[in-house]
Amino acid sequence: MTFTKYSKIACSVAMACALGACNPTAPVETTATGQQQIVTLPPQNTGMDQFISGLISKMTLEEKVGQLHLLSSDWDKTGPTLSVDYQQQIKAGKVGAVFNAYTANFTRELQKLAVEQTRLGIPLLFGYDVIHGHRTIFPISLGEAASWDLQSIQAGARVAATEASAEGIHWTFAPMVDISRDPRWGRISEGSGEDVYLSIEIAKARVHGFQGDDLTATDTVLACAKHYAAYGQAQAGRDYHSTDMSERELWETYLPPFKASVDAGVASFMTAFNDLNGVPATANNYLLQDILRQRWGFSGFVVTDYTSINELVPHGLAEDLPHAGQLALNAGVDMDMQGAVYSKHLPELLKAGKVSEAQIDKAVRRILEMKYKLGLFEDPYRYSDEQRQAEQVYKAEHLAAARDGARKSFVLLKNDNKVLPLSPTQSIALIGPLADSKADMIGSWSAAGDRSSKPVTLREALVARLGADTQIHYAKGAGYEFTDTDQSGFAEAIAAAKKADVILLAMGEKWDMTGEAASRVDLGFPGTQDALMQELKKLDKPMVLVLMSGRPMTINWADEHLDSILHTWYAGTQGGHAIADVLYGDYNPAGKLPVTFPRHVGQIPIYYNMKNTGRPYEPEGPEQKYRSRYLDSSNQPLYPFGYGLSYTSFAYSAVTLSSTQLKPEGEITASVTLTNTGDRAGEEVVQLYIQDKTASVTRPVRELKGFQKIMLGKGESKTVQFRIKATDLAFYNLGMDYVAEAGEFNLFIGNDSSTSNKAAFWLTDSVQLQSAMAITQPQSKGIQ
Ligand code: NOJ
């Protein structure tokens, strides 16, 4: 047995226990002369508050500030800087949490430095970007959102937490709950798309999936709602750019998924990089104090994004780093990610009276509370478990869940002449840079997921599935880098296509063209892919596109000229198998777009729940010119929000209502009968949208208010019902009260956001659900 400092202390503790003053998990102090002492803490069962108060009372200022410091290890680089001496800093008690470190071994090794070599032995918290899987990678988050399958999304987060926690991770920097309506922004791939209702439901599913019911369980991790707030509206789609919006827009569109995360019990929040209405999120009292703490009652801790405190200087808000630290702490930021501003400057700021010790203690307490809740004071190594790691990582059930999650995420965008599903008797030409690229399958933010051997490519999956029965003629053909112009691979691709019955293209974006710092101005196919597609079209053969991307792309030519298009996002470790399952009809696709696909970049931002304007464009109307429209494009998207086809077809009956009068305390039921009119079983996401026709402020043309995913056998019918209450109709009025106003509403039920299947009802009286006081009159004194 290796005697660690911790286990040596255990001997002293044993003695103390014998004397009846035992707390085996008590931190230890090293006195100035180097002697170790047991810190006198309340007995273990006297509760967290007392335990932490006792601990804080023993901490020096430097030790407290250390707890607020999150540093990256050198195992991964997820931002611009790395600290070479992070291990030294851990040993010096200057670090409370570490990210980008994983495996049972490595986290144990680092934990030992904190537990055995620092005076109080306070355990480290290990964080990591476990976004869509840890080792077993699921589809990117936007892809998962396209499943509209909350159970599957929650199950994916559960698997991720199980694998990550077995490798020593306590805390994931997920879910990312930023709404975005701008596909130029590469990080649209990390969220749940453009819609508030769908994003709320998914945020809750992910928080529950990561955190489970019990944080002390060793297979759960703390979740983190990020990036607070409004990061998804980065101007011009350029990452890190400023956001500026009305209070109404902030409260109605960007804040609700964060509020839902708080309600779901999320343990932490991450501040965003962006400036919001003139105040960067990391120094934003209004966001962090007035809304998050006071109005929503959030009691977890707040971490910055990567060096966000430092960035208050280039933002032009802070004069220098000490000033930046002062602004952040006073705004309510508890933990500094990678910036080292707190660790370097809080002591001097305290001395100068610019921050208070009470504020520092509050931040320390929030962080220690989470360590306590995870059980780290009982056993700092409980998550670093080699055996559990060996059992859990890439476990067969996890791979099966990832394959299933991937199939559910695919969206069939086009399928003329039922070219899909394919038959194994058809020979295929598999062409494109994404057909056999392992690295691309798992997309960005793929945590510890292996990018070079584990992912199953489409080519591998087809070979495994079809064996010698089907001829597969493969050629990469085109390049997908922005700089690719070389067309020398075309001849091989054309030759392959000539030999085949069907041309199967695997094209789209390279994996690192989406995610952080991956904004684009052109959403077409990069490189020579378009040109190759057009050459192949000349062969006049059935053409199927398997599209891989982390954002909506402008694919007008493909939509017009190809027979079938299946959007598969970045499908994860089992992606190739999942795509093959759908291409050959073992799985009937049911995904629906969580985000609108524009025809042109010039239409952005384009989203389904926009306002009508005073001059809505009516193609059939008498006057065309003075209307809200483009001269050189339709207003319509290429594919609307909620859109997605199936190999079967569904018919919707007209909408019926239990009553056309909704009373403030009552509810009405809206029903449709859904019938599977095609030739195979399939699932349909039945979507409910509501429009407030006239209100005291203008309202969107419609808003998603419910959905149900229904499986129907061939020829089967089912009545699908939605209950509607006044709360479903509420919005922020001019005074920012949250109200449902009496009047007429249109209610739509159908297969996507463009459905015209509607009925009308009336809310008989107005209802005020919340008053605006805390919203419009910030309690904080602004920037301090
Ligand atoms: C920067 C990203 O914005 C954030 O999402 C991520 O969690 C951190 N880096 C840590 O890697």
Side-chain angles (χ1 to χ4, degrees), residues 69-83 86 95-102 125-134 140-142 157 160-161 164 169-180 185-192 203 206-207 210 221-234 237-243 257-258 261 266-276 280-282 300-312 315 333-340 443-449 512 514-519 550:
H69 190 197
L70 167 64
L71 259 192
S72 176
S73 94
D74 53 359
W75 274 36
D76 205 344
K77 187 167 186 263
T78 55
T81 58
L82 272 186
S83 6
Y86 68 97
V95 179
V98 168
F99 68 120
N100 293 336
Y102 53 92
L125 184 71
F126 290 105
Y128 197 32
D129 288 285
V130 179
I131 311 289
H132 53 110
H134 175 64
I140 57 163
S141 305
L142 188 63
I169 307 292
H170 310 127
W171 173 34
T172 176
F173 303 143
M176 191 272 217
V177 300
D178 295 308
I179 302 269
S180 182
W185 191 54
R187 305 201 77 170
I188 199 169
S189 61
E190 297 172 47
S192 303
R206 291 201 169 118
V207 170
F210 288 127
V221 294
L222 307 178
C224 180
K226 73 184 188 184
H227 309 82
Y228 187 61
Y231 184 35
Q233 204 232 32
R238 177 154 61 78
D239 206 2
Y240 316 123
H241 208 337
S242 303
T243 57
F258 288 100
S261 304
V266 74
S268 65
F269 256 57
M270 185 186 292
T271 62
F273 287 122
N274 55 287
D275 166 345
L276 172 65
T282 303
F301 71 92
V302 175
V303 64
T304 69
D305 204 341
Y306 210 106
T307 58
S308 291
I309 300 182
N310 316 54
E311 291 164 26
L312 296 175
H315 266 299
V333 169
D334 301 312
M335 190 185 272
D336 173 2
M337 183 193 289
Q338 193 63 13
S444 71
W445 290 116
S446 49
D512 59 2
T514 53
E516 188 177 351
S519 297

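Start at 1 and go down the list; that is how both ligands and their atoms are numbered. Everything quoted here is computed from the prediction, not taken from an experiment. For the single chain, residues carry numbers from 1 onward in sequence order.
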### Query
Of the protein's non-hydrogen atoms, which lies at the shortest distance from atom 4 (C) of ligand 1, and what is that distance?
D305 OD1, 3.3 Å
### Message
Going by side-chain contact (heavy atoms from CB on, under 4.5 Å), name the residues that satisfy it together with T78, two or more places apart in sequence or in a different chain.
### Response
D76, F99, N100, D129, Y306, W445
### Mode of E516 contact toward ligand 1 - side chain, backbone, both, neither (heavy atoms, under 4.0 Å)
side chain
### Query
How about H241 and S519: do any of their side-chain heavy atoms sit closer than 4.5 Å?
no
### Summary
From the list Y128, Y102, F301, ring-ring contact (aromatic ring centres under 6.0 Å, His included) partner of W171 resolves to F301
### Summary
Looking only at protein heavy atoms, what sits closest to atom 11 (O) of ligand 1 is D129 OD2, 2.5 Å
### Task
Could you give me the CA-CA distance, side-chain angles and deciding distance for S268 and M335, then say whether side chain to side chain contact (heavy atoms under 4.5 Å, CB included) is met?
CA-CA 10 Å; S268 65; M335 190 185 272; over 6 Å; no
### Task
Determine yes or no for a side-chain-to-main-chain donor-acceptor pair under 3.5 angstrom, with T282 supplying the side chain and A272 the backbone.
yes
### Query
Going by the order shown, which atoms of ligand 1 are within less than 4.0 Å of some heavy atom of F99?
10 (C), 11 (O)
### Query
Taking only heavy atoms of T78, which atoms of ligand 1 are found under 4.0 Å from at least one of them?
1 (C), 9 (N), 10 (C), 11 (O)
### Query
Mind checking what makes side-chain contact (heavy atoms from CB on, under 4.5 Å) contact with A340, not counting sequence neighbours?
H69, S343, K344
### Task
Select one of side chain, backbone, both or neither to describe which atoms of E190 lie under 4.0 Å from any atom of ligand 1, heavy atoms only.
neither
### Query
Is the shortest distance from a heavy atom of H227 to ligand 1 less than 4.0 Å?
yes
### Query
If you count the atoms of ligand 1 from 1 in the order shown, which ones are under 4.0 Å from a heavy atom of K226?
4 (C), 5 (O), 6 (C), 7 (O)
### Query
Does R187 approach ligand 1 within less than 4.0 angstrom via side chain, backbone, both or neither, non-hydrogen atoms only?
side chain
### Query
Going by the angle between their ring planes, with limits at 30° and 60°, are F269 and F258 parallel, tilted or perpendicular?
tilted
